[in-house]
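Below, chains carry the letters A, B, ... as their sequence lines are ordered, and counting in each starts from 1.
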Amino acid sequence: MLVYNTLRNRKEEFVPINPPNVTMYVCGPTIYDYFHIGNGRTFVMSDIIRRYLIYKGYNVKFVMNLTDVDDKIIRKAVQEGVSTKELTLRYEKAFMDDIKIFKMKPADLYPKATEHMQEIEDLIEKLENKGIAYNVDGNIFYDVGKFKGYGKLSGKKTDELEIGSRVDINEEKRNPLDFSVWKKSKEGEPFWESKWGNGRPGWHIECSAMSMKHLGETIDIHAGGNDLIFPHHENEIAQSEAATGKDFAHYWMHFGFLNIDKQKMSKSLSNFFTARDILTQYPAEALRLLFVQSHYRSPLNFSKELIESAKKGTEKLNNLSMLILKGIENKNGNIIEYNFQKYFNLFSEAMDDDFNTSQATGVIFDFIRDINRIISENENINFSFYEDAFNFLNSTANNVLGIIDFDELRTVEKDEDDAWIVEQIEARTKAKLDKNWQLADEIRDVLSDKGIILEDSKNGTTYKKKLI
RNA sequence: GGCGACGUGGCCAAGUGGCUUAAGGCGUGGGUCUGCAAAACCUAUAUUCAUCGGUUCGAAUCCGAUCGUCGCCUCCA
């Protein structure tokens, strides 16, 4: 299995430290607002990578942090006149709700900075003792010059950065590139007591401390959005590796941006859609399909047209899935020979190549066409064929990619199984026999208005529910 | 200024030296089925991969130049 490693800008064979265990850390959201679908792309794709590792038989420990101390949080809390605690709790809850409707598998752990003050303080102390961090009047800075590996992730050379071009130079720092690991608290800001006085941790230190605490000093995979490469991940490496003398993470994975009109979707440009907003208009499967149809490292330009076309694709997946669920009930019928294994192989082949979900999705759709053809060319097919088809789609499209939700389809089928609809269909069938087309169409329209779509076939009329 | 990514059909997108006479999704034209529709299937939709040169028996794929787009170097997924 190949994984693209930002550390060396190339695909590398994936070799976990302690197989079959895999440790994975993903930089999560700052919980001061609803997350947008650009953030959502990162979360969903890391969810899919995790699920594929599980599919491959790995035992994955997956940690995603929630940043709950930071300037933006403080600013917004002041604006709203609430405590930072109250604000972050609110958005933590919203985050949990949103990932649920996005159908992500919950992380094994969602550590928060405010709950790891001791670990953070210990780590800073370690850096200070080694002479890598220095104290200027209660502010602790990391001395970039003391870590010779600085820049190895982002490929930046410290003397080539345009220092001070976009941010004011802080006179307290020895080197303008040095960054805060501990910030002295200002008037009115939340603070934690420490041996250096009251203050709060810098942004990067929390991830170092929490990753090491929950997953170990060296982990397998550390992931996040493309914009975190520098300075966030670069600084995490600097802090962690200077403290331990060990590799911090073996594989660094980064996700491409979701753009709007070719521009990065971001809070500051206010060109974003929140995930919860989009997810009231489209099923999670449609958004997930949109994401997996392109490669996780490529930029993806979001538009109404794209999500609409993804929704159409989802309908195609669901139509066959419903047929399969019904077909499983047929205990008699003709046995069909079919090479399902071929598709499992093609799927793994695609995913093994740096999680090529785009190709893997192509495999799924090839499969769908094949199965649809077989179903339309054969009558009375035995349930074992449907069972095998279900197994393939369930373990790939459902369990790994999350673009089909069989559980939901099953409940939809059940919910709609009410007498009234059946009555209407029977009335329409009778009207059709009487060649009363007008009445038949009327009944169909009434049901359609209620979100029930009828489909006639040789074996009678079936119905399905419209997607949102 | 430095670093990095990218430019494939009407739209999205995989492929990165011969398996590809370029997957898959959406759209569009034609057909099968149907009272009509829907769904599904069949079929047609790029002699071509930004442009121009080069390497090679062979290039969308490698090299060079040019044009264009985006990102990072500030908080950011």
Under the side chain to side chain contact (heavy atoms under 4.5 Å, CB included) test, residues paired with A:D388 that sit two or more places apart: A:F340, A:N391

Atom pair distance, as rounded to whole Å: CD1 in A:I73 and C1' in B:C75: 12 Å

Pairing partner (Watson-Crick or G-U wobble, both distances under 3.5 angstrom) of B:A65: B:U51

Spacing of the P atoms in B:U34 and B:G29 (rounded, Å): 22 Å

Strand partner of B:C41, provided both Watson-Crick or wobble distances fall under 3.5 Å: B:G31

N/O donor-acceptor pair, side chain A:D456 with base B:C33, under 3.5 angstrom: no

A:N318 (side chain) donor-acceptor with A:L409 (main chain) under 3.5 angstrom: no

Separation of the P atoms in B:A39 and B:G30, to the nearest angstrom: 16 Å

Sugar-phosphate only, base, or nothing, as touched by A:D366 at under 4.0 Å among non-hydrogen atoms: sugar-phosphate

Proximal nucleotide (of B:C12, B:C73, B:G25) relative to the A:S309 side chain: B:G25

Sugar-phosphate only, base, or nothing, as touched by A:S298 at under 4.0 Å among non-hydrogen atoms: sugar-phosphate

Watson-Crick or G-U counterpart of B:A46, or none if no pair lies under 3.5 Å: none

P spacing across the pair B:U61 / B:U56, given as an integer number of angstrom: 16 Å

Contact under 4.0 Å: A:T357 side-chain N or O vs B:G24 OP1/OP2: no

Side-chain-base donor-acceptor pair under 3.5 Å for A:R444 and B:C36: yes

Sugar-phosphate only, base, or nothing, as touched by A:F255 at under 4.0 Å among non-hydrogen atoms: nothing

Donor-acceptor pair, side chain of A:T6 and main chain of A:N9, under 3.5 angstrom: no

Parallel, tilted or perpendicular: ring planes of A:W252 versus A:H233, cut at 30 and 60 degrees: tilted

Exercise: do A:H254 and A:H222 side chains pair donor with acceptor under 3.5 Å: no

Touch class at under 4.0 angstrom, heavy-atom based, for A:L454 against every strand present: base

Whether A:W437 stacks on the six-membered ring of B:G35 base, 5.5 Å and 30° limits: yes

Rounded distance in Å - OH (A:Y282) to C1' (B:C26): 13 Å

Pairing partner (Watson-Crick or G-U wobble, both distances under 3.5 angstrom) of B:C72: B:G2

Touch class at under 4.0 angstrom, heavy-atom based, for A:L258 against every strand present: base

Protein-nucleotide distance (A:L228, atom CG; B:G4, atom C1'), rounded to Å: 16 Å

Residue whose nearest RNA chain B nucleotide is more 5′ - A:N356 or A:K72: A:N356

Touch class at under 4.0 angstrom, heavy-atom based, for A:I229 against every strand present: nothing

Base B:A14 to side chain A:S358, donor-acceptor N/O within 3.5 Å cut-off: no

Watson-Crick/G-U partner (both atom distances under 3.5 Å) of B:U56: none

Touch class at under 4.0 angstrom, heavy-atom based, for A:G40 against every strand present: nothing

Whole-Å gap separating P (B:C70) and CE (A:M265): 16 Å

Touch class at under 4.0 angstrom, heavy-atom based, for A:H254 against every strand present: nothing

Sugar-phosphate only, base, or nothing, as touched by A:K264 at under 4.0 Å among non-hydrogen atoms: base

Residue-phosphate contact under 4.0 Å: A:R373 side-chain N/O, B:C42 OP1/OP2: yes

Nearest-neighbour nucleotide for the A:K464 side chain, B:C72, B:A39, B:G24 considered: B:A39

Counter-base of B:U21, judged by Watson-Crick or G-U geometry with both distances under 3.5 Å: none

Rounded distance in Å between the C1' positions of B:A50 and B:C70: 15 Å

Salt bridge present between A:K61 and A:D220 (N-O < 4.0 angstrom): no

Options B:G24, B:A40, B:G2, nucleotide nearest the side-chain atoms of A:S376: B:A40

Any side-chain donor near an acceptor of the partner, A:Y32 and A:D68, under 3.5 Å: no

Test side-chain hydrogen bond (donor to acceptor under 3.5 Å, both in side chains) applied to A:Q239 and A:S208, step by step: CA-CA 7 Å; A:Q239 292 163 343; A:S208 291; 2.8 Å; yes

From B:C72, B:A14, B:C41, nucleotide with atom closest to A:H295 side chain: B:A14

B:U43 to B:A5 separation - C1' atoms, rounded to the nearest Å: 39 Å

Length of the line joining A:L153:CG and B:G71:P, which is rounded to integer Å: 20 Å

Sugar-phosphate, base or nothing in reach of A:N319, heavy atoms under 4.0 Å: sugar-phosphate

Any A:R369 side-chain nitrogen or oxygen under 4.0 Å from OP1 or OP2 of B:G24: yes

Whole-Å P distance, B:A46 and B:C11: 13 Å

Sugar-phosphate, base or nothing in reach of A:S154, heavy atoms under 4.0 Å: sugar-phosphate

5' priority, RNA chain B, between A:G225 and A:L289 [closest heavy atom]: A:L289

Separation between the C1' atoms of B:A23 and B:A13, rounded to whole Å: 10 Å

Assigned partner base of B:A13, Watson-Crick or wobble definition, under 3.5 Å: none

Touch class at under 4.0 angstrom, heavy-atom based, for A:E305 against every strand present: nothing

Any A:K312 side-chain nitrogen or oxygen under 4.0 Å from OP1 or OP2 of B:G27: yes

Gap in Å between the two C1' atoms, one belonging to B:C33 and one to B:A38, rounded: 12 Å

Nearest-neighbour nucleotide for the A:K316 side chain, B:A39, B:C73, B:G25 considered: B:G25

N/O (side chain, A:N372) to phosphate O (OP1/OP2, B:C41) under 4.0 Å: yes

Sugar-phosphate, base or nothing in reach of A:G224, heavy atoms under 4.0 Å: sugar-phosphate

Interatomic distance where CD belongs to A:E379 and P belongs to B:A40 [whole Å]: 19 Å

Closest listed nucleotide, where the reference is the side chain of A:L300 and the choices are B:A13, B:G15, B:A38: B:A13

Within-4.5 Å side-chain heavy-atom neighbours: A:L401 and A:R288: no

Aromatic ring pairing A:Y251/A:F14, orientation class (parallel under 30°, perpendicular over 60°, tilted between): tilted

Sugar-phosphate only, base, or nothing, as touched by A:R428 at under 4.0 Å among non-hydrogen atoms: base

Distance-only donor-acceptor test, A:D441 side-chain atoms vs B:G35 base atoms, 3.5 Å: yes

